[in-house]
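The structure appears below as structure tokens.
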Amino acid sequence: MQNSMIEKSYDASSTEQKIYDFWENNNFFKFNESSKKKIYTIVLPPPNITGALHMGHALNFTLQDIVARYKRMMGCEILWIPGTDHSALSTEAKVVEVLRKRGVSKTEIGYEKFMQECLAWKNKYGNKITEQIRKLGASCDWSLERFTLDEGCSKAVNEFFVRLYNKKLIYRGKRIVNWCPNCNTSVSDIEVDFKESESELVYLKYFFSDNNNFLTVATTRPETIFGDVAVAVNPGDERYKNFINKEVVVPISGHKIKIIGDEYVDKSFGTGVLKVTPAHDFADFEIGQRHDLKNINIINKNGTLNEKCGNYSGLTTSKARKAVIDDLESSNLLIKKEKIENNVGKCSRCNCTIEPLISTQWFLKMENLAKPALRAVKNGKISFIPERFSKIYMHWMNNIKDWCISRQIWWGHRIPAWHCENCNYITVGLNKVNFCKNCNSKNVFQDNDSLDTWFSSALWPFSVLGWPEFYEKFLRCYPTDLVITGYDIIFFWIARMIFSSIELTGKIPFKKVVIHGLVRDAQGRKMSKSLGNGIDPIDIISKYGVDALRLTLVMGLTLGNDTRFSEKKIEGSRNFINKIWNAARFLKISNENITPKIELKNLSIYDKWMLNKLSDTIQEIQKNMEKFEFGMAIQKIYSLFWDDFCDWYIEFSKINFKNNLSNLNTCCYILCEILKILHPFIPFVTEKIWSFFNNNALTVSNYPEFNSNFNYEQDSKDVENIIAIIRAIRIKRNEMNTPHNKKINIFISTKFEDLITKNSDKIKKLANINNIYINKKLDGGKILTCALDFANIMIPLQDLTNQDELNLKLKKELEELKKRIDKNKKLLQNKNFIEKAPTDIVENIKNILDSDEKKYSVLLNKFISQPQD
RNA sequence: GGGAGCAUAGCUCAGUUGGUUAGAGCGCUUGCUUUACACGCAAGAGGUCACAGGUUCGAGUCCUGUUGUUCCCACCA
């Protein structure tokens with residue numbers, strides 16, 4: 001690097017790709033299985049292959065990478081395996097859409113060809129995703145990259161399925177499920193979003209079969225009357241209890257059904273009479289089970305009514321509803337209609353209304369899986385950070401129902417079950433089944449369904465380790481240490497990994513679950529395609545660089561809380577990065593031969609002050625890093641670098657350098673130490689700057705430790721005093737309206753004559769002073785006095801000063817001082833305080849009072865005055 | 001209906017186990033081409049910590065209640 005070539009401002013776009021290649025080509029992130037270091041394993045949430053990465057991913061990968069890089073520098077062997085998720089339903093829908101544009105359907109091209117089309121999609125878009133993960137700077141081991149549908153993951157999936165089937169934890173059953181007529185598949189409970197919508201509650205006449213009276217039934221779904229199998233009332237309802245076991249006639253349809261009593265019925269809702277349609281309502285299904293009622297399925301899988309619905313067959317449920325209501329009205333069977341707010345289930349993927357219907361599906365029995373999964377969190381083996389998310393997890397796990405794991409789509413893990421055409425027996429096996437285990441018939445075919453995409457994601461932490469093969473590696477790296485994810489997939493993924501892992505491996509999948517929030521737009525709205533307010537992280541990266549993006553996402557972040565992203569914020573981050581760049585540039589152009597080196601014997605008090613600060617900060621941020629308090633850690637480093645290192649230390653050093661290489665080297669050493677602690681957050685620019693001064697790579701260097709040798713209390717205090725003098729002078733200059741470019745003279749009366757004399761060059765330069773007269777008599781004219789603990793600074797009044805304004809300010813200062821003096825005096829007179837408060841607090845108050853009183857008396861007499869001695 | 005979060009400067013947010021004068025970034029005001037950086041430097045204004053009680057020598061922080069707001073869960077047809 002030629003120093004003369006260092007540009008005035010840092011250009012991220014020309015640097016970042018080269019740096020990542022440098023890391024990757026040198027295998028810095030490669031997991032060394034035979035390493036003696038402590039292994040630290042992070043489970044990387046594999047992104048979908050359907051879209052591009054969004055801001056949520058950027059946050060997620062940033063946080064993971066901060067931990068990975070920090071732990072690596074702390075001496076751990078990092079195992080962080082990247083990969084992508086086949087995201088069954090989303091990908092299938094996208095590929096179907098592509099085919100549709102080409103004018104073909106998936107059934108036309110057939111299973112094999114369709115799977116090839118999907119694989120082609122994966123190769124194209126999956127690679128785009130992995131490129132973007134690299135762009136974000138993720139320091140994962142690409143040689144271990146995985147895909148949830150690759151051979152190894154498929155093996156784990158089949159193993160899981162077969163084992164649980166044999167244990168009867170996976171079963172096939174005809175039950176009511178959430179059906180999406182648009183996606184044409186069943187979906188699980190958590191893939192249904194309930195959205196509040198305005199519906200029409202209609203009151204219908206159900207005549208008794210043996211007389212002319214009727215019961216009034218209120219329903220929002222009149223089109224399902226063809227599936228009615230009973231009318232239910234609460235057995236405790238005085239109005240209706242005598243009708244139980246009588247018969248009514250379903251309007252329009254005309255079939256006769258019984259009146260039953262069931263506690264579920266709410267007397268106060270509608271008329272207190274409920275029509276029971278077990279095939280198309282979850283609650284009704286349960287009532288049906290309790291009363292041994294049959295199920296009449298009246299809705300086709302495409303969302304239309306079937307042949308059981310007479311004239312209405314073929315109509316969609318919403319059209320049929322209108323038609324049924326019209327007909328009921330015209331035949332005088334409808335009493336009234338009223339608008340109500342209710343929750344309607346929508347498919348979380350396509351937003352289409354979910355039709356509950358009865359269908360044969362594969363289910364995972366949850367009851368026994370949930371218990372140990374609950375225990376692992378309860379007894380602290382797995383901890384959520386922040387802790388409150390464990391409550392959300394437990395509540396869900398406590399109320400969990402069986403998981404419908406089969407999907408009527410092709411792209412995904414095909415269910416390893418073979419049906420016999422002959423005897424209908426199902427043979428489940430790891431390998432292709434060629435004959436029926438029951439009747440030996442060779443007439444067997446594989447189940448057409450595939451598995452829910454989360455079924456394979458649930459095994460991700462151990463399937464990527466090669467489980468059930470490569471058992472030794474598995475044992476060395478498992479349970480993993482950490483998973484970081486957004487709160488929106490606790491149920492989808494985190495919970496399922498926990499019970500799957502415990503069931504299958506006997507071990508928890510990870511020790512810690514760090515939960516972060518959503519990235520919202522500048523107004524706090526969720527970023528979404530429909531709003532068009534999404535910000536593409538890749539656009540931001542090309543404009544500002546990924547370091548700036550990472551810094552913005554993590555600055556001021558509180559785990560578990562949502563965060564807002566705005567262009568204003570990222571400008572601040574870019575400015576900070578540019579500041580680092582320029583500090584380095586300054587050192588490099590000061591002397592080409594500069595190296596990060598420290599000679600303890602040659603340290604100035606300023607070096608010692610800075611080392612003291614650095615050491616303290618390192619100690620603090622290490623605590624923050626261990627507790628995943630990234631926002632707090634970066635804030636401290638930011639302030640250390642900008643407020644201490646740049647604003648004071650470099651400014652002092654400028655005066656000390658005088659081309660002294662040893663001094664420069666010390667400064668460079670400290671800069672490099674700061675680069676180390678910054679590196680996990682902003683890896684690219686720090687690596688680049690590091691290369692100006694070092695031959696090795698920053699990313700594999702050691703994290704600085706708290707160094708007790710750098711405990712320079714007294715020297716630090718001296719520097720603090722110098723700073724206090726400079727600050728005081730600057731403040732007074734401003735109050736006197738003296739511009740910075742005008743030099744002034746000052747008089748100081750102090751007991752620290754030696755210190756101030758020795759360091760007067762710094763004071764003169766940084767406060768722009770001509771002459772400093774220490775403990776000298778002033779000659780004539782008005783002066784402005786500033787009182788410090790150890791010195792009184794007197795400045796002859798300047799031409800531009802508005803004395804009235806100044807007096808007002810000083811008066812206010814005196815008042816505030818007086819207030820505090822009174823308050824602290826009172827406090828010290830309080831016996832309870834003296835007795836109960838810790839002594840250091842009491843001492844502190846005493847000291848403050850002392851110094852306040854001194855200042856007060858100085859200011860009271862001398863604030864604007866004729867000089868005195 | 002159940003549960004959780006949030007409420008602190010004009011805006012966005014920090015504030016670790018209660019302890020000096022409640023912080024940062026942005027914005028605003030004033031001054032500055034001070035030989036790294038105007039993506040900069042120096043100084044400044046701006047807060048009843050939502051409200052009401054309580055515990056404590058001491059509360060932004062702990063407890064109770066109220067209000068506002070966001071989110072999650074739940075089968076009220």
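Residue numbering restarts at 1 for every chain, and letters A, B, ... go by the order of the sequence lines.
For the P atoms, the distance from C11(B) to G53(B) is 26 Å, rounded to whole Å. With both ends at atom C1', the span from A14(B) to U8(B) equals 10 Å, rounded to whole Å. Between the P atoms of U61(B) and U16(B), the separation comes to 11 Å (whole Å). The gap from the P atom of C6(B) to that of A43(B) amounts to 35 Å, rounded to the nearest Å. Between C41(B) and G60(B), the two P atoms lie 33 Å apart (nearest whole Å). Taking atom P on both C26(B) and A38(B), the two are 16 Å apart, rounded to the nearest angstrom.
Between Thr563(A) and Asp852(A), the residue whose closest nucleotide on RNA chain B is further toward the 5' end is Thr563(A). Mapping Asp643(A) and Trp648(A) onto RNA chain B by nearest heavy atom places Asp643(A) at the nucleotide closer to the 5' end.
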| field | Chi angles and distances behind the ring-ring contact (aromatic ring centres under 6.0 Å, His included) call for Phe692(A), Trp581(A) | value | CA-CA 11 Å; Phe692(A) 297 166; Trp581(A) 178 261; 5.5 Å; yes
| message | I'd like to know whether Thr353(A) forms a side chain to side chain donor-acceptor pair (under 3.5 Å) with Lys346(A), so could you lay out the CA-CA distance, the side-chain angles of the two residues, the decisive distance to 0.1 Å, and finally the verdict. | response | CA-CA 5 Å; Thr353(A) 301; Lys346(A) 302 278 180 183; 3.0 Å; yes
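No side-chain heavy atom of Glu286(A) sits under 4.5 Å from any side-chain heavy atom of Tyr264(A). Using a 4.5 Å heavy-atom threshold, the side chains of Thr224(A) and Lys275(A) count as touching.
Summarising the geometry, the separation between CD on Gln523(A) and P on U69(B) is reported as 19 Å, rounded to the nearest angstrom. Atom P of nucleotide G15(B) and atom CZ of Phe630(A) are separated by 14 Å, given to the nearest angstrom. Straight-line distance from the CD1 atom of Ile385(A) to the P atom of U16(B): 17 Å, rounded to whole Å. Atom CD of Gln829(A) is separated from atom P of C57(B) by 18 Å (rounded to the nearest Å). Atom pair Asn561(A):CG and G5(B):P shows a separation of 10 Å (rounding to whole Å applied). The distance from atom CD of Glu805(A) to atom P of A45(B) is 12 Å, rounded to the nearest whole Å.
There is a side-chain donor-acceptor pair under 3.5 Å between Ser13(A) and Asp11(A). A donor-acceptor pair shorter than 3.5 Å can be found between the side chains of Asp189(A) and Asn178(A). Side chains of Asn624(A) and Lys636(A): a donor-acceptor N/O pair is present below 3.5 angstrom, by distance only.
Contact annotation for Phe282(A): no contact, since no heavy-atom pair falls under 4.0 Å across all strands. Using a 4.0 Å heavy-atom distance criterion, Lys765(A) is classed as a base contact. Nucleic acid contact class of Thr219(A) (heavy atoms, under 4.0 Å, all strands): sugar-phosphate only. Here Thr558(A) lies in heavy-atom contact (under 4.0 Å) with sugar-phosphate atoms only. Note on Asp562(A): nothing from the nucleic acid sits closer than 4.0 angstrom, heavy atoms only. When heavy atoms are screened at a 4.0 angstrom cut-off, Arg574(A) is found touching base atoms of the nucleic acid. Nucleic acid contact class of Tyr487(A) (heavy atoms, under 4.0 Å, all strands): none. Nucleic acid contact for Phe491(A): sugar-phosphate only, since backbone atoms but no base atoms lie under 4.0 Å from a heavy atom of the residue. Nucleic acid contact class of Val265(A) (heavy atoms, under 4.0 Å, all strands): base. Within the 4.0 angstrom heavy-atom criterion, no nucleotide atom of any strand lies near Glu571(A). The residue Met555(A) sits apart from the nucleic acid: no heavy atom pair falls under 4.0 Å. Within 4.0 Å of Lys764(A), counting heavy atoms only, lies no atom of the nucleic acid at all. Nucleic acid contact for Gly572(A): none, since no nucleic acid atom lies under 4.0 Å from a heavy atom of the residue. Among the heavy atoms of the strands lying under 4.0 Å from Asn741(A) are primed sugar atoms or P, OP1, OP2 only; no base atom is included.
The nucleotide whose nearest atom lies closest to any side-chain atom of Cys646(A) is, among A36(B), A14(B), G27(B), A36(B). Of the candidate nucleotides U12(B), C76(B), A36(B), C76(B) has the atom lying nearest to any side-chain atom of Asn343(A). Nearest to the side-chain atoms of Asn575(A) among the listed nucleotides G19(B), G40(B), U16(B) stands G40(B). Comparing U16(B), G27(B), C41(B) against the side chain of Lys568(A) picks out G27(B) as the nearest. For Asn578(A), the side-chain atoms get nearest to C37(B) when compared with the rest of A36(B), C37(B), A24(B). Taking only side-chain atoms of Ile650(A), from C-beta outward, the nucleotide of C73(B), C75(B), A36(B) with the closest atom is A36(B).
A donor and an acceptor atom never sit less than 3.5 Å apart when one is taken from the side chain of Tyr264(A) and the other from the base of C76(B). Contact annotation: side chain of Lys8(A) to base of A36(B), donor-acceptor pair absent below 3.5 Å. If you check distances only, the side chain of Glu651(A) never reaches the base of A42(B) with a donor-acceptor pair under 3.5 Å.
With sequence neighbours left out, the side-chain contact (heavy atoms from CB on, under 4.5 Å) criterion links Ser573(A) to Ala548(A), Leu551(A), Thr552(A). Not counting sequence neighbours, Tyr240(A) has no partner by the side chain to side chain donor-acceptor pair (under 3.5 Å) test.
Electrostatic pairing of Asp822(A) and Lys818(A) counts as a salt bridge here, judged by a charged N lying under 4.0 Å from a carboxylate O. A salt bridge links Arg175(A) with Asp402(A): the closest approach of a Lys/Arg side-chain nitrogen to an acidic carboxylate oxygen falls below 4.0 angstrom. Under 4.0 Å is where a charged nitrogen must lie from a carboxylate oxygen, and between Arg733(A) and Glu735(A) no such pair does.
Arg820(A) has no side-chain polar atom (N or O) that falls below the 4.0 Å cut-off from OP1 or OP2 of U21(B). Between Trp642(A) and C41(B) there is a side-chain N or O to OP1 or OP2 distance below 4.0 Å.
Applying the salt bridge (charged side-chain N to carboxylate O under 4.0 Å, His left out) test to every pair with at least one member in residues 830-840 of chain A, sequence neighbours left out, gives no pairs at all.
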| Intra- and inter-strand pairs of RNA chain B in dot-bracket (Watson-Crick or G-U wobble, both distances under 3.5 Å; | for another strand) | (((((((..((((.....[...)))).(((((.......))))).....(((((..]....))))))))))))....
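Contacts between residues 725-739 of chain A and RNA chain B, counted as heavy-atom distances below 4.0 Å, involve Arg730(A), Ile731(A), Asn734(A), Pro739(A). Across residues 830-839 of chain A, Asn830(A), Asn832(A), Phe833(A), Lys836(A), Ala837(A), Pro838(A) each have a non-hydrogen atom less than 4.0 Å from an atom of RNA chain B (numbered order).
The two residues Asn832(A) and Asn830(A) have their closest heavy-atom pair at N-OD1, 2.9 Å.
Ring geometry for Phe645(A) versus Phe641(A): interplanar angle under 30°, hence parallel rather than tilted (30 to 60°).
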